[in-house]
Amino acid sequence: MSQSNTDSAQTSGLFNWTPEHLQAATAQLDSRWIGLDAQNKTTLNATRIITDTRKIQAGDTFLAIVGENFDGHNFVTAAIEKGAIAVIVSQPIEALAVPQLKVDDTRLAFGQIAAYRRQQHAKLKVIALTGSSGKTTVKEMLRHIFTQVEAANNAEQSTTLVTRGNLNNDFGVPMMLLELEQQHRYAVLELGANHVGEIAYTTAMVKPDVACILNIGTAHLGEFGGRDNIAKTKAEIYQSLTESSTAVVPFDDDYTQQLTAVAKQHTPHVIHYGWQHLQHNSDKADSSQPQVYATEVQTTALQSCFKLHFDLDSQTSVVDITLPMSGEHNVSNALAAAACAYASGIAPEVIAAGLNQATSSKGRLGRQTLGMHHIIDDTYNANPNSMRAAADVLAAQAGYKVLVLGDIGELGDASSEEHYKLGQAIANKAIDLLLCAGEFAVDTIAGARNQGMQQAYAFDTKAELLPKLQAVLAQNTESQQICTLLFKGSRSTTMETLIDDLSKNTD
């Protein structure tokens with residue numbers, strides 16, 4: 001990189017990866033440079049470490065990741081042709097035109113480079129989130145809270161890095177860390193897992209100042225083999241905490257006691273959040289009630305109002321919240337976000353201002369109209385807990401209420417049972433019609449009918465469900481009855497396409 005490019009990178013806040021930085025970051029992987037001479041040693045500076053040749057730009061370093069179905073070493077030449085000035089490999093390539101950093105394992109190198117980048121950012125406050133549901137909503141709430149901090153400080157650029165999409169695994173987390181820039185003061189990073197040990201790996205990389213578990217549900221139940229293993233895996237997020245860090249623990253969860261015990265092994269600072277609050281004396285060391293809690297909760301079709309209490313550090317604060325999101329589950333999400341923000345040093349009034357501005361991301365209870373009818377798009381993803389929460393949201397709406405569901409994925413051998421129990425739960429809510437599509441639709445409908453819900457129908461595919469939905473809307477349009485329809489399913493079911501098809505084919 002030329003001197004002018006180096007100056008530009010420093011001005012924009014990007015990190016300059018020198019040969020010394022890269023070798024120091026990967027020292028545990030027996031790293032060594034090949035083809036690095038005195039001349040290119042002084043000029044080899046890259047601001048981006050890229051693993052996808054489609055995103056390579058002139059001046060980047062290419063990292064040749066080896067996966068189950070691909071080998072980045074096959075694309076090294078293409079990366080150089082597009083302007084890569086160095087490559088990181090586990091299998092050196094002869095007669096290469098650019099220097100190569102040889103490491104034992106490029107995927108582990110990716111993680112160690114990301115961990116090194118995080119360590120260079122001493123002033124960064126990192127919040128790490130995990131849980132079976134609610135992660136995306138909580139990180140968006142935190143984004144809005146930190147936006148209030150930026151506004152108060154007249155920041156010209158965003159000072160908060162937030163996980164994009166589902167970049168929350170052992171590959172996505174380092175990708176996010178490598179997007180850190182010098183202006184960032186906060187990072188809200190989502191840590192997901194498909195197996196025991198994955199969060200332990202990413203939390204060691206992230207080294208959070210605040211680590212929060214939202215809940216222990218049944219997402220990925222098939223991979224883990226039971227909720228006990230899910231709880232054990234989620235609790236790994238506390239392993240990298242220190243005496244100066246804070247653990248945030250849900251107070252109303254079945255596994256609260258176990259999670260609290262793990263957290264206290266790593267830090268003395270533990271904050272519980274939840275709905276319950278018991279009377280207590282002046283000794284606030286008692287952990288029999290949450291320190292961040294809600295009272296006077298009122299949820300409507302469009303918003304949730306409550307008083308948000310902070311009972312920490314020998315101080316008590318109460319702020320009024322008008323959250324522009326419906327559903328009791330979103331009140332719980334707001335409590336988690338508030339606890340994390342408070343642990344990060346944000347004042348209750350600023351937290352309230354952020355929550356009052358929070359909005360759902362696409363596919364998260366988003367709203368649109370279809371003629372005289374209302375559609376709630378909650379198709380981003382699903383698990384048993386979030387399905388029940390979505391049903392509660394629909395039950396609070398006006399008009400004829402139709403719940404349209406796809407399958408819940410990744411439940412393994414428990415799939416039929418979980419879908420059956422879901423149907424039973426839905427039947428006991430104020431919902432007029434249940435339509436399900438997919439392999440386990442019959443199980444959900446069987447559960448609903450077991451509890452007396454007769455207006456419940458199963459379809460093998462979304463295409464077969466669509467005519468039924470069109471007929472329902474046509475009938476209610478003719479009678480001038482407003483319908484509210486809520487769509488939800490796991491990501492693999494792409495239930496949003498049913499909304500698109502309905503919109504295209506309905507007058």
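Quick note: residue numbers are just sequence positions, from 1.
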So, using salt bridge (charged side-chain N to carboxylate O under 4.0 Å, His left out) as the criterion, who are the partners of [X] when residues are at least two apart?
X	result
Glu236	none
Asp254	Arg227
Lys135	none
Asp407	none

Is the closest side-chain donor-acceptor distance between Ser490 and Ser492 under 3.5 Å?
no

According to side chain to side chain contact (heavy atoms under 4.5 Å, CB included), who are the partners of His269, at least two apart in sequence or on a separate chain?
Thr246, Thr267

Quick one: ring-ring contact (aromatic ring centres under 6.0 Å, His included) partners of His419, sequence neighbours excluded?
Phe440

Phe306: which residues meet the ring-ring contact (aromatic ring centres under 6.0 Å, His included) condition with it, sequence neighbours left out?
none

With sequence neighbours excluded, residues passing side-chain hydrogen bond (donor to acceptor under 3.5 Å, both in side chains) with [X]:
X	value
Gln257	none
Lys55	none
Glu179	Arg164
Tyr420	Asn450

So does Gln28 have more than 12 non-hydrogen atoms from other groups sitting under 6.0 Å from CD?
no

Test of ring centre spacing under 6.0 Å for Phe15 and His21
yes

Could you go through residues 201-208 and list every donor-acceptor pair under 3.5 Å that involves a side-chain atom there, pairing it with any protein atom two or more places apart or in another chain?
from: Thr202; atom 1: OG1; to: Glu198; atom 2: O; distance (Å): 3.3
from: Thr202; atom 1: OG1; to: Ile199; atom 2: O; distance (Å): 3.3
from: Thr203; atom 1: OG1; to: Ile237; atom 2: O; distance (Å): 3.1

